[in-house]
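Values below: every heavy atom of this structure, side chains too, minus hydrogens, waters and symmetry copies. What you see is a predicted model; the values in this text were computed from it and never measured. Chain letters run A, B, ... following the sequence lines, proteins first, then strands; residues in each count from 1.
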Protein chains: 2
Amino acid sequence: MARTAGSHSDITGPRVLDAALRLFARHGYAAVSMRQIAKEVGVQAGALYNYTPDKQSLLFDLMKRHMEDLLAERAKHRGAGSALEQLEDFTRFHIRYHLDRSDEVFIAYMELRNLTPENFAEIEALRRDYENELEAILRQGEEEGVFAPADTRIETMAVIAMLTGVTTWYRAEGRLSAGEVERIYWDMVRKAVSV
Amino acid sequence: MARTAGSHSDITGPRVLDAALRLFARHGYAAVSMRQIAKEVGVQAGALYNYTPDKQSLLFDLMKRHMEDLLAERAKHRGAGSALEQLEDFTRFHIRYHLDRSDEVFIAYMELRNLTPENFAEIEALRRDYENELEAILRQGEEEGVFAPADTRIETMAVIAMLTGVTTWYRAEGRLSAGEVERIYWDMVRKAVSV
DNA sequence: GTCTATATGGTGATAGAC
DNA sequence: GTCTATCACCATATAGAC
C-alpha cells in the first residue's frame, strides 16, 4: 500500500483542503476560484483535480469533516453526572470547540446554501444530531425538576445560537480568556433554563 | 420636478432593489449575477445601470436601508418605563422585526464580508448603534439592582445572538405564532440577566 | 502528479442606436 | 429608459504532454 517514492499525494491533498478552508472562510465559497486555491497551495489549477472531483466536493468535505469531528469530540463527554453538570460540560465544550475552529464554524453556518440539495441534507442531519445532544440534557433536567418546564426544542435552538455567537466577537488577543468567556456564558445558560 | 410622463424610474428602481434583495438572500451576493437580477425585474442587464452605479452599491444600499430602518423603528420604543419593561419591549421588538424581514436580516449577517472596507465600516457603525440600545438597558437594570452585575457588553452580544437565532428555524406556517415565540424568548432573556 | 493549453460559457460594465 | 452588441476578463473542468 506504500505510495511511490516522491509522490506528494499524502501532503498535497490535505493542503488543498486547508487552503480551501481558509479562503472559503475569508471570502466565501462563491467568491473563491479554483485558481486562487491552486495559487495558495502552490500548484496550477488543473492539478487540484487530482485531489477533488470538483469545487463542490471541497466545500462538502470540509463541512462533513467539521460536523463529524464535532460529534466525535462531543461523544467523549456524554453521559456523566446530573443534568446540571452535563449542561455545564456541554456549554464549556461548545464554546471552547467553536473558538478553536473559527474558520470551520464560519463555513458551516454561512455556506449551507451553496451545498447541493443532497449534500445539504447530509450536513443538516449531522447538525440535527448535535442539537439533539443538548436537547436530551435539557429534557433530563426538566424531568429531574432542576430545569424549568419549557418548549425544549426552542430552548435548545436558543442556547446553541447564544453560544455559537461568541465566534462573531471573540478575539484571542482581547481582554478575556476563553475560560472567562466560558464562565460568563455558563452563568447565563444556567439561569436561562433553571426554574 | 415632475418626471416625464411614461418614465418608469419611480417603479423600476425599487423593483431592482427588491429583486436584488430576494436573490442575494437566496443565493448569496457573489453567486448572483446582474443578468439574473435583470431577468427578475424584466429588463436587460444594461438597463440596471440606470438605477445603480454597480453591483456593490445594490448590496450596500440594501444593508444600509435595513439598518437605518431597524434603528428608526427601535427609536420609537425607547425610553419608557423600568429596565425590566424596556428589556421586554426590546426583546419582543427584536424578534418581531427580524421575523418580518428574514431576507434583509439574512443579508445583513451573511454578506458583511462582501462589502468594500468603507461600506463595511459604515454598516458596522450602525450595527454598533443598535447593540448599544440593548447595552444601555442592561446597564440601567444593573444600576437599579434588578439585573445581576455582569460583563454587560458580552451579555449584550449573547442576548442579541440568541434572539436573532429565531430567524434560522422559525417558519410562519409552523406550530408556534410569533407572539408565542416572543413570550418563550422573553422568559429566557429575563432569567438569564436577572439576579 | 503536475504542467500547459484549451473548451465552453459566464462575468461586470459600457457604448451608442432608438 | 431600454435595447442590442460588445469589451475584456474570469469561471470550472478536461486533455494530453512530460
On the nucleotide D:dG1, are OP1 or OP2 found under 4.0 Å from the side-chain N or O atoms that B:T12 carries? no
| said: Please confirm whether the ring centroid of A:F60 lies under 6.0 Å from the ring centroid of A:F120. | reply: no
- Task: For C:dG1, take OP1 and OP2 only and decide whether either is under 4.0 Å from a side-chain N or O of A:Y51.
- Result: no
Rounded to whole Å, the CG-C1' distance (B:L59 to C:dG12) equals 15 Å
Check: Mind checking whether B:Y97 and B:F93 have parallel, tilted or perpendicular rings, split at 30° and 60°?
Finding: tilted
In whole angstroms, the gap separating P of C:dG12 from CG of B:L23 amounts to 12 Å
Minimal heavy-atom distance between A:R74 and A:Q86, with the atoms involved, is NH2-OE1, 4.4 Å
Residues in residues 37-50 of chain B with a heavy atom under 4.0 Å of DNA chain D, by number, are B:V43, B:Q44, B:A47, B:N50
Is the shortest side-chain N/O distance from A:S33 to OP1 or OP2 of D:dA11 below 4.0 Å?
yes
- Query: Hey, are A:E133 and A:R78 close enough for a salt bridge, meaning a charged N less than 4.0 Å from a carboxylate O?
  - Reply: yes
Taking every heavy atom of A:V195 against every heavy atom of A:G145, the minimum-distance pair comes out as CG1-O, 3.8 Å
Whole-Å distance, A:Q56 CD to D:dA11 P, equals 18 Å
Taken to the nearest whole Å, CD/B:Q36 to C1'/C:dG10 is 10 Å
- Task: Kindly say whether, by distance alone, the side chain of B:R35 makes a donor-acceptor pair under 3.5 Å with the base of C:dG12?
- Result: yes
B:K55 atom NZ is separated from C:dA13 atom P, nearest whole Å, by 8 Å
Atom CE of B:M34 and atom P of C:dA13 are separated, to the nearest Å, by 6 Å
Review point. What about the rings of A:H98 and A:Y109, do their centers lie closer together than 6.0 Å?
Key: no
